[in-house]
Amino acid sequence: MELTLPLVEQWARQAGEILRTGFGKHHTIDYKSDYDLVTEIDRQSEDFLFSQIQQYFPTHSITGEENGEQSGNLDARWYIDPVDGTTNYAHGFPYFCVSLAFVDEQGSRLGVIYDPIHDECFSAERDGGAFLNGVRISVSSTNDMQQALMVTGFSHNQADMLELNLRLFAKLNMATQAMRRLGSAALNMAHVAAGRLDGYYELAVKPWDIAAGALIVREAGGMVSRVDGEGDLLTMPCNVAVTNPHLHDALLAMVREE
């Protein structure tokens, strides 16, 4: 089978249907730590995606949030987040998605983020542009931080970074039109790509959180980088900054000051 963007979109939509079917129902919840939960839907979604890749591309390597690593060709790697926004999902809050990315020897090649509640499929192929349900999208043109709608994320698990996260949130809240904390890194990036949000930053994100979103944002004309400017985005941990081209330097300066 040929690896194409429509195929990856199909898989993301099928995994999203698993999420949609289970949404609002009682879930079996396990805890990976005091606050980091996982449901049976996370596992069902990731098992489905693993099974498709293993069936059609058995030599590829896979990095998934729940199933960990499947060894294989390091120049053909998948990054899977079966439910990005699990806490939201478990509480019945409709802000979550499936995130699926494929990376080859040249870098990110395919990225899909699917929001099953709103039936919105954000996708991109390297050098091919970014799309929402087949319609080309682009980042916003906002060029003043005071007019920007920004989003961030941080977790209870990052106890050693809580003070820094709260300080940054307060600082950006005063410097921008508004700040949000919505609970899904991938969906945050998708909305930056679509011009609905002007920027996003987060400390200590995982590769499966941002692999698809980084490609989609860049193909939509946006900028994605590590806050420290060092290394690649898929090296953990990653402090990431995502904006339209006009706001990137300003966001980096504000975050680096702290």
Side-chain angles (χ1 to χ4, degrees), residues 8 11-53 62-70 78-101 111-122 151-159 161-162 165 169 180-192 197 200-214 216 233-234 236-240 242:
V8 182
W11 288 349
R13 286 181 175 275
Q14 288 174 294
E17 184 58 30
I18 296 172
L19 276 57
R20 182 165 41 232
T21 299
F23 184 62
K25 298 180 180 179
H26 174 76
H27 297 292
T28 301
I29 297 176
D30 296 318
Y31 286 85
K32 296 182 280 187
S33 66
D34 288 345
Y35 297 100
D36 192 6
L37 58 85
V38 59
T39 72
E40 82 284 3
I41 299 297
D42 294 77
R43 296 189 175 101
Q44 290 173 23
S45 175
E46 187 160 295
D47 286 347
F48 166 76
L49 294 169
F50 262 70
S51 70
Q52 297 304 297
I53 296 168
I62 308 173
T63 299
E65 181 173 13
E66 309 307 334
N67 290 337
E69 297 275 343
Q70 173 184 288
W78 296 83
Y79 290 91
I80 296 173
D81 196 337
V83 185
D84 188 51
T86 296
T87 299
N88 288 347
Y89 186 85
H91 283 267
F93 181 66
Y95 195 84
F96 55 85
C97 63
V98 177
S99 180
L100 187 58
V112 176
I113 295 169
Y114 181 57
D115 172 355
I117 296 302
H118 301 97
D119 190 28
E120 291 193 326
C121 187
F122 304 84
V151 66
T152 189
F154 50 89
S155 161
H156 288 285
N157 291 340
Q158 300 167 2
M161 302 171 64
L162 183 58
N165 274 314
F169 190 92
R180 299 288 183 259
R181 177 173 175 254
L182 300 174
S184 170
L187 208 46
N188 291 342
M189 296 179 82
H191 290 312
V192 172
L197 294 167
Y200 156 68
Y201 73 90
E202 186 165 351
L203 309 182
V205 291
K206 304 297 194 301
W208 50 79
D209 294 323
I210 61 172
I216 295 169
L233 294 172
L234 303 181
M236 294 192 291
C238 179
N239 300 336
V240 68
V242 182

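Heads up: numbering here begins at 1 and tracks the sequence. The model shown is predicted, which means the values in this text are computed figures rather than measured ones. Note that these values count all heavy atoms, side chains included, but never hydrogens, waters or copies made by symmetry.
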At their closest point, which heavy atom of [X] faces which heavy atom of [Y], and how far apart are they?
X: Arg181; Y: Phe169; value: CB-CE1, 4.2 Å
X: Tyr79; Y: Ala211; value: CB-CB, 3.8 Å
X: Cys97; Y: Ile113; value: SG-CG2, 3.7 Å
X: Phe122; Y: Ile216; value: O-CD1, 3.6 Å
X: Glu120; Y: Tyr114; value: O-CD1, 3.3 Å
X: Gly153; Y: Tyr200; value: N-CE1, 4.4 Å

Which residues pass the salt bridge (charged side-chain N to carboxylate O under 4.0 Å, His left out) test with Arg20, not counting sequence neighbours? Glu17

Measure the shortest side-chain to side-chain distance between [X] and [Y] over non-hydrogen atoms and say whether it is less than 4.5 angstrom.
X: Leu234; Y: Thr63; value: no
X: Phe154; Y: Leu203; value: no
X: Ile18; Y: Gln14; value: no
X: Tyr201; Y: Thr152; value: yes
X: Ile210; Y: Cys238; value: yes

Gap between atom [atom2] of [Y] and atom [atom1] of [X] - 0.5 Å precision:
X: Arg180; Y: Tyr95; atom1: CZ; atom2: OH; answer: 11.0 Å
X: Leu187; Y: Asp209; atom1: CG; atom2: CG; answer: 12.5 Å
X: Asp119; Y: Arg13; atom1: CG; atom2: CZ; answer: 5.0 Å

Scan side-chain atoms only and decide if Asp84 and Ser99 contain a donor-acceptor pair under the 3.5 Å cut-off. no

For the backbone of Pro82 and the side chain of Ser45, can you confirm whether one donor and one acceptor N or O come within less than 3.5 Å of each other? yes

Flag, side chain of Asn188 to backbone of Gly213, donor-acceptor distance under 3.5 Å: no

Residue list, ring pair (Phe, Tyr, Trp, His ring centres under 6.0 Å) with Phe96, at least two apart or on another chain: Phe23, Tyr89

Under 30°, 30 to 60°, or over 60°: which ring-plane class applies to Trp78 and Trp11, parallel, tilted or perpendicular? tilted

